[in-house]
Colleague: 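Okay, handing you the structure first.
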Number of protein chains: 2
Amino acid sequence: MSPTVAAKTAPSRSTAEAQRAKIVSRAVTVFSRAGFHATPVAAVAEAAGVSPAYVFRLFPGKVGLFVATVDHCYARVCEALVQGGETAGAAGPAEILDHMTGAYVDLIRDRDLIMLQVHAQSACDVPEVQDAVRRGIANVVRAVSRLSGADAASVQRFIAYGQLCHLVVLADLSGVNEAWADTVSDGIRHSDANPRP
Amino acid sequence: MSPTVAAKTAPSRSTAEAQRAKIVSRAVTVFSRAGFHATPVAAVAEAAGVSPAYVFRLFPGKVGLFVATVDHCYARVCEALVQGGETAGAAGPAEILDHMTGAYVDLIRDRDLIMLQVHAQSACDVPEVQDAVRRGIANVVRAVSRLSGADAASVQRFIAYGQLCHLVVLADLSGVNEAWADTVSDGIRHSDANPRP
DNA sequence: TATGTTACTGATTGGTCAGTCACTTATTTG
DNA sequence: CAAATAAGTGACTGACCAATCAGTAACATA
């Protein structure tokens, strides 16, 4: 099962599963730049250090690759939220939600996960992508609801606040020094400790 | 004004301007389906009843067309919000904001304006599009702030709620009959009185 | 009637990209 | 070793699409 413990030989050659994981991981970053339709599969392949042909061998078409990427993205988001919620200890729903909100804002430091979610929503005209978005949101809502114990209205506000973060990041409002931009992005620190390669 | 009755009409509005307006109006619908990158200019041209070549003559490239479309979209959104705010009469900020929220939710009936905003955000890697989004949000925030007189935090919540509407529409959550979907889309009635052509 | 201007299009071009296929190379197994 | 299986790629193709250009048709003005 695990290639690391192959009874005797360390895998000098990577397994397909490991490559799939690496490609998906890189794909988060690559797709997050320009989204599904504007990103060629070749760009993902290059970032992962494999040939475009091999990406098509490992994934069922570009849509399949993107769906796997979106799934991975939401999984990482859920993970971050759960961790954030745990730092609240045994507190009330409001406090736990606050901690989760803080954890989500921290995610902005690495813009990729945020931007990819918007690109995924924008590509919802592709049925498989819509399914992936629904899956992802469902997991987030369920995790947040269960771990915080907050009521539906509070969870809805939490999600809305997350969507607001998306706008702030995509339009890069932290780079706008005007009153309206402050109104929109207040409390959403860009941290700006973001390496700009 | 109208080309049918030439008469003399000194500053007779050029037909090109009228065509531009018609194209932009149709473009809102066409671009709202699959977004900027996945929509060929020819699709917009066909919807407007002109040749693709003429669209390129009237607009400075595909990006220019899309920017004009996004501007038009935000203008219509602003208009709807102002009208919604006016129905509140001389009420307090909270009531005016509520009326505006209602007006925005009503916009969902015609999914185009909502979806186009998400597509525009997703295309923010194109600088001109990012500018258009910033312009649009700025106008919305300023209009809402001024007409409602609400404090910044309330306006921010209003914007966040709008972003939540985008998610509900794009992922078509009103078509999902599960608890998490109710949590997210509570209060955001799809009306479902939406003609499906 | 001649001349200019504006609206509008067909045909084309150069480029990009999703997806395929034949092929090479490495590893495992009998 | 031989056969089978898995990893991985270069080269190609067919389709699509943004943008251009050379031109036509209608109308205006003198």
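Letters go in sequence order (proteins before strands), and every chain restarts at 1. Just so it is clear, the values below take in all heavy atoms, side chains as well, and ignore hydrogens, waters and symmetry mates.
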Colleague: Rounded to whole angstroms, how far apart are CG on A:L58 and C1' on C:dG19?
Modeller: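 The distance from CG of A:L58 to C1' of C:dG19 comes to 14 Å, rounded to the nearest Å.
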Colleague: Could you give the NE2-to-P distance, from A:H37 to D:dC17, as a whole number of Å?
Modeller: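 About 11 Å, once rounded to whole Å.
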Colleague: What nucleotide among C:dC8, C:dA18, D:dT9 has an atom nearest to a side-chain atom of A:P40?
Modeller: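 Of the candidates, C:dA18 comes closest.
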Colleague: How long is the line joining CD of A:E46 and C1' of D:dG8, in whole Å?
Modeller: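 About 17 Å, once rounded to whole Å.
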Colleague: Short question: side chain of A:R20, backbone of A:L58 - any donor-acceptor pair under 3.5 Å?
Modeller: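 Checked: pair present.
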Colleague: Just by distance, no angles: are the side chains of A:T101 and A:D98 close enough, under 3.5 Å, to form a donor-acceptor pair?
Modeller: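 Not at all, the side chains of A:T101 and A:D98 share no donor-acceptor pair under 3.5 Å.
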Colleague: Output one line per pair: protein atom, nucleotide atom from nucleotides 19-25 of chain D, and distance, for all N/O pairs under 3.5 Å.
Modeller:
unit_1 : atom_1 : unit_2 : atom_2 : d
D:dA19 : OP2    : B:K62  : N      : 2.8

Colleague: Starting at atom CZ of A:R20, determine the distance to atom P of D:dA6, rounded to an integer number of angstrom.
Modeller: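 About 12 Å, once rounded to whole Å.
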Colleague: Is any side-chain N or O of A:Q19 closer than 4.0 Å to OP1 or OP2 of D:dA7?
Modeller: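 False: A:Q19 side-chain N/O out of range (4.0 Å or more) of D:dA7 OP1/OP2.
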Colleague: Are A:R33 and B:D125 packed together at the side-chain level, in the sense that at least one heavy-atom pair is separated by less than 4.5 angstrom?
Modeller: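 Answer no - side chains too far apart.
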Colleague: For B:N139 and A:W180: C-alpha separation, side-chain torsions, deciding distance, then whether side chain to side chain contact (heavy atoms under 4.5 Å, CB included) applies.
Modeller: CA-CA 9 Å; B:N139 288 336; A:W180 65 268; over 6 Å; no
Colleague: Whole-Å distance between C:dC17 C1' and A:F31 CZ?
Modeller: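 Distance, rounded to whole Å: 13 Å.
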Colleague: Rounded to the nearest angstrom, tell me the gap between atom OH in B:Y54 and atom P in C:dT9.
Modeller: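 To the nearest whole Å, that distance equals 8 Å.
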Colleague: So, are A:E79 and A:R76 salt-bridged, with charged N and O less than 4.0 Å apart?
Modeller: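 Answer for the salt bridge query: no.
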Colleague: In whole Å, I'd like the distance from the CD atom of B:E17 to the C1' atom of C:dA7.
Modeller: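 Going from B:E17 (CD) to C:dA7 (C1'), I get 13 Å.
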Colleague: Hey, is the main chain of A:A150 close enough, under 3.5 Å, to the side chain of A:S154 for a donor-acceptor pair?
Modeller: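 Side chain of A:S154 to backbone of A:A150: no pair is present.
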